[in-house]
Engineer: 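Below: one structure in structure tokens.
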Amino acid sequence: MTTATATRAEYCVIACAEAWRDNGEVLASPMGLVPSFGARLAKRTFSPDLLLTDGEAMLVGLDGTVEGWLPYRRHLTMVTGGRRHVMMGASQIDRFGNQNISCIGAWEQPVRQLLGVRGAPVNTLNNPVSYWIPKHSTRVFVERVDMVSGVGHDRAEAAGVTRFHRLPRVVSDLGVFDFAGPGHSMRLASLHPGVTVDQVRAATGFELAVDSVAGEVPYTREPTGAELRLIREVIDPKGLRDREVRV
């Protein structure tokens, strides 16, 4: 098995897995199929100390076997203590990482009601938060979010609450992004194979920082043969990853 056979979805799984590299013993809270596969891949390979949950009230092993009880109060303690790294979704996200999952349109009379703010403010101000966006477009990557759910760098700095604020990465079906641009703005960190910088810029509703050498942005790292086997035969043998990432 060679990495040349890896699909876009499998590159996305790898990119999500890398979010938890060197995190140590923290609770991985992935939201979505591809982030879930990424967390499980990370635990099976380079981040064995990660804690996985069933999403309800239990800590589980790689095979789903219950390893411990995780009541809500203990979950909140992990969140407020920074011992959790969640990978959330975003209906909108702007250049500084402000995220919206609440509504589309003016707050007074939105045109779409979404999930609501939920725990996004507490997440972003207390523990690392990354984002997974399966369909990169100007509808999602916007100049200004309609409602702030997850707190971005500019608002955290303005409010003086940056001590525990950390947004490691954003992964989309086009590439990987961080906030190493000017003023902690979003930067294109890597492209998935087959994607161009112009393609990413056209699908982004704000000016994206591109820190390249000789005009070339690096590609997302290739999965190893062992990682591909784990993804295809152990973690996602039904190929559900291709439902989230359609190329």
Side-chain angles (χ1 to χ4, degrees), residues 1-23 26-48 50-56 60-65 84-91 93 99 101 115 128-137 139-141 167-178 188-196 199-200 203-204 217-247:
M1 183 179 295
T2 65
T3 55
T5 63
T7 66
R8 179 78 61 81
E10 289 161 346
Y11 275 98
C12 290
V13 171
I14 287 293
C16 288
E18 286 289 342
W20 285 285
R21 183 180 285 276
D22 299 326
N23 275 200
V26 304
L27 182 65
S29 295
M31 300 181 183
L33 285 173
V34 167
S36 295
F37 299 150
R40 290 163 60 189
L41 179 65
K43 183 173 176 63
R44 285 183 178 273
T45 53
F46 49 77
S47 293
L50 279 181
L51 302 176
L52 303 180
T53 175
D54 64 355
E56 296 292 336
V60 298
L62 286 168
D63 60 355
T65 301
R84 178 181 185 236
H85 184 170
V86 58
M87 181 168 280
M88 300 176 66
S91 299
I93 190 168
Q99 169 245 32
I101 52 172
L115 289 173
V129 174
S130 294
Y131 292 105
W132 160 243
I133 299 168
K135 183 62 176 177
H136 193 126
S137 74
R139 294 181 62 182
V140 180
F141 289 77
L167 306 177
R169 65 172 48 194
V170 177
V171 180
S172 81
D173 60 331
L174 298 183
V176 180
F177 309 83
D178 59 24
L188 175 59
S190 72
L191 294 164
H192 299 327
V195 180
T196 66
Q199 185 178 352
V200 174
T204 304
V217 175
Y219 285 116
T220 303
R221 83 159 177 90
E222 296 179 335
T224 66
E227 288 170 333
L228 279 178
R229 184 191 64 79
L230 284 171
I231 293 170
R232 296 174 179 179
E233 299 178 13
V234 180
I235 296 172
D236 181 30
K238 295 182 179 179
L240 298 179
R241 59 195 177 277
D242 294 320
R243 296 184 183 181
E244 278 197 340
V245 181
R246 300 177 184 273
V247 181

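These numbers come from the heavy atoms of this one structure, side chains and all, not from hydrogens, waters or symmetry mates.
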Engineer: Any non-hydrogen side-chain atom of Phe141 less than 4.5 Å from a side-chain atom of Ile93?
Structural biologist: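 Yes, close enough: below the 4.5 Å cut-off.
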Engineer: Any heavy-atom pair between the side chains of Leu240 and Phe37 that's under 4.5 Å?
Structural biologist: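 In short, these two side chains touch, coming nearer than 4.5 Å.
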Engineer: So does Leu52 get a backbone contact from the side chain of Arg40, meaning a donor-acceptor N/O pair under 3.5 Å?
Structural biologist: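 Looks like no, no N/O pair under 3.5 Å.
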Engineer: Closer than 3.5 angstrom, by distance alone: can the side chain of Ser47 be matched with the main-chain N or O of Lys43 as a donor-acceptor pair?
Structural biologist: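 Answer holds: no.
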Engineer: Work out which heavy atom in Ala6 is nearest to a heavy atom in Glu10; give both atom names and the distance.
Structural biologist: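 Ala6 and Glu10 have their closest heavy atoms at CA-OE1, 3.3 Å.
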Engineer: Report yes if some heavy atom in the side chain of Trp132 is under 4.5 Å from a heavy atom in the side chain of Cys12; otherwise report no.
Structural biologist: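 Answer yes - side chains close enough.
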Engineer: Quick one: does any side-chain atom of Arg8 pair with a main-chain N or O of Asp173 as donor and acceptor, under 3.5 Å?
Structural biologist: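 Yes, because the side chain of Arg8 sits within donor-acceptor range (under 3.5 Å) of the backbone of Asp173.
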Engineer: Are side-chain heavy atoms of Val129 and Gln99 found at a separation under 4.5 Å?
Structural biologist: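 No, too far: nothing below the 4.5 Å cut-off.
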Engineer: Examine distances only and state if a side-chain atom of Arg44 and a backbone atom of Leu230 form a donor-acceptor pair shorter than 3.5 Å.
Structural biologist: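 Pair absent, no side-chain N/O of Arg44 close to backbone of Leu230.
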Engineer: Do His192 and Val176 have side chains that get closer than 4.5 Å, going by heavy atoms?
Structural biologist: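 Yes, side chains in contact.
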Engineer: Would you indicate whether Arg139, at its atom CZ, is surrounded by more than 12 heavy atoms from other residues, nucleotides or ligands within a distance under 6.0 Å?
Structural biologist: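 Result for CZ/Arg139: open.
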Engineer: Is the closest side-chain heavy-atom distance between Glu222 and Tyr11 below 4.5 Å?
Structural biologist: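 Side chain of Glu222 against side chain of Tyr11, heavy atoms only: contact under 4.5 Å found.
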Engineer: Are any of the side-chain heavy atoms of Lys135 and Val140 separated by less than 4.5 Å?
Structural biologist: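 The answer is no, as the side chains (C-beta and beyond) never meet within the 4.5 Å cut-off.
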Engineer: When you compare the side chain of Trp20 with that of Ser130, does any pair of heavy atoms fall below 4.5 Å?
Structural biologist: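 No, every pair of side-chain atoms sits at 4.5 Å or beyond.
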